[in-house]
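Step one of this worksheet: look at the structure below.
Quantities reported herein were computed from a predicted structural model and do not represent experimental measurements.
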Amino acid sequence: MDAASYGRAAANREGGVFTEHGYLTELPGGFKEIYRGLRDIPAEYRVIVDGSSSLIVKNADLPSFLMKLYAVTDTPLKDLRHDLETLAAFRSTEYLLLTTPNGSFLTEAANVYRSGSPAFETWMGTDTALAFSIHVTNIQGQMTGDVVQLNFPAHRQEILENRILPVRIEALARPISEDVFLINLNFAYMDQAQNQQIDMLRISREAAKEMLARGDGEVFRLLPEGPVKLSAMDAVKNGGLRYPDHREFAIKCEELTGLDKWAERGAAEALRAVQRDTRKKREPEL
């Protein structure tokens, strides 16, 4: 077949034109909108995986990684200091973490498998959450570890049925970078947004406010007409980003260095507070 002749004939018939970016033509019947949000993307075309797939980050800097994880899953940072204290106590190398918009719950994995324990009751009594397994690899100097995303309903059922005492939580997981891990986790959070932006990483208002105030990087407000870049002054106006509507914020996926800077500083401050508290507990009473 003479492909060039066939193409020219088709272009003449359709009134199309070949450009340096491809072939452009007017569709019969006019333009038809078939994409309106993340849910409209067929599964076979999604680069981002769904929440049922296990992902793992190896040897992550746990304090800063948890900061970023909480920011992209809309988990309040108020529990971060307690979570770092739990890890720093080093009572175990295996931990289980739940994150929700109401806060996080981190505990030794063995506690969750003890029927009737507070940790067991928390896991059984939580309906919707993101679940993670943390294997601590180093506690001296830099606190590092492997973080695995778990299928929460399946893992909760496994705990309920077996109630075993685990030595280590094993999961079939695909090793990926921290950035890809966060982008995949963010899929569900962005999917809930009124004004979705598939090429952006949605972050919590708390993270957006602090990033703007410290000048860590560009932050955008998601509006119906598209994302609008915010300024440092926006962090103190409107009650600190407490707008009456359209209270969703994001950063560009290709510009995560600002999020890294924010997380490293916040994690360092939280660790210093943990160390101060630890020293006070060890000081003898006068």
Side-chain angles (χ1 to χ4, degrees), residues 1-57 68-69 71-74 149 172-204 207-208 211-212 215-232 234 241 243 245-262:
M1 184 180 72
D2 187 347
S5 297
Y6 182 85
R8 286 192 295 271
N12 290 333
R13 184 173 61 253
E14 298 172 355
V17 60
F18 290 96
T19 74
E20 60 180 0
H21 299 293
Y23 179 67
L24 180 65
T25 185
E26 184 177 354
L27 294 173
F31 178 78
K32 179 182 179 183
E33 182 183 21
I34 59 174
Y35 169 76
R36 292 174 300 278
L38 299 178
R39 294 184 181 87
D40 298 326
I41 304 176
E44 61 269 25
Y45 296 119
R46 290 185 177 181
V47 177
I48 300 174
V49 301
D50 62 36
S52 63
S53 301
S54 291
L55 306 172
I56 183 171
V57 168
K68 292 185 285 187
L69 188 150
V72 303
T73 58
D74 195 27
Q149 178 195 2
L172 294 176
R174 177 162 56 94
I176 55 176
S177 69
E178 290 189 15
D179 288 352
V180 175
F181 190 97
L182 295 172
I183 290 170
N184 277 281
L185 281 177
N186 190 245
F187 178 83
Y189 188 29
M190 181 62 83
D191 195 34
Q192 298 167 3
Q194 273 188 313
N195 306 295
Q196 301 170 1
Q197 289 292 326
I198 188 66
D199 60 339
M200 302 189 82
L201 192 74
R202 188 178 169 197
I203 59 175
S204 63
M211 285 183 66
L212 283 172
D216 292 324
E218 293 184 342
V219 177
F220 297 80
R221 183 183 176 199
L222 301 181
L223 298 175
E225 59 271 23
V228 174
K229 183 179 175 180
L230 298 173
S231 68
D234 291 309
L241 304 186
Y243 296 96
D245 52 13
H246 307 307
R247 293 170 292 181
E248 299 162 346
F249 310 94
I251 58 178
K252 294 180 179 178
C253 286
E254 66 270 23
E255 297 180 2
L256 298 184
T257 54
L259 186 67
D260 291 337
K261 185 189 299 183
W262 166 79

Taking every non-hydrogen atom, the tightest pair across [X] and [Y]:
X: Y243; Y: D234; result: OH-OD1, 3.9 Å
X: G215; Y: K261; result: O-NZ, 4.4 Å
X: E248; Y: Q194; result: OE2-N, 2.7 Å
X: Y23; Y: G16; result: OH-CA, 3.6 Å
X: N184; Y: I176; result: ND2-CD1, 4.4 Å
X: A71; Y: Y189; result: O-CE2, 4.1 Å

Rounded to the nearest 0.5 Å, how far apart are [atom1] of [X] and [atom2] of [Y]?
X: L230; Y: M211; atom1: CG; atom2: CE; answer: 11.0 Å
X: Q192; Y: F187; atom1: CD; atom2: CZ; answer: 10.5 Å
X: E218; Y: K229; atom1: CD; atom2: NZ; answer: 4.0 Å
X: L212; Y: F220; atom1: CG; atom2: CZ; answer: 10.0 Å
X: I251; Y: L259; atom1: CD1; atom2: CG; answer: 4.5 Å
X: N186; Y: F181; atom1: CG; atom2: CZ; answer: 12.5 Å

Side chain proximity check, [X] to [Y], heavy atoms < 4.5 angstrom:
X: D191; Y: Q196; result: yes
X: L222; Y: M190; result: yes
X: L241; Y: V219; result: no

Report task. Evaluate the criterion side-chain contact (heavy atoms from CB on, under 4.5 Å) for residue pair K68 and D260; output intermediate values, then yes/no. Result -> CA-CA 7 Å; K68 292 185 285 187; D260 291 337; 2.9 Å; yes
Query raised in the report: How would you list, by chain and number, every residue that makes a side-chain contact (heavy atoms from CB on, under 4.5 Å) with R8, sequence neighbours excluded?
Result: A4, S5
Requested in this report: Check side chain to side chain donor-acceptor pair (under 3.5 Å) between S204 and all other residues, then give those that pass, not counting sequence neighbours.
Outcome: none
Query raised in the report: So, R221 and D245, do they make that salt bridge, N to O below 4.0 Å?
Result: yes
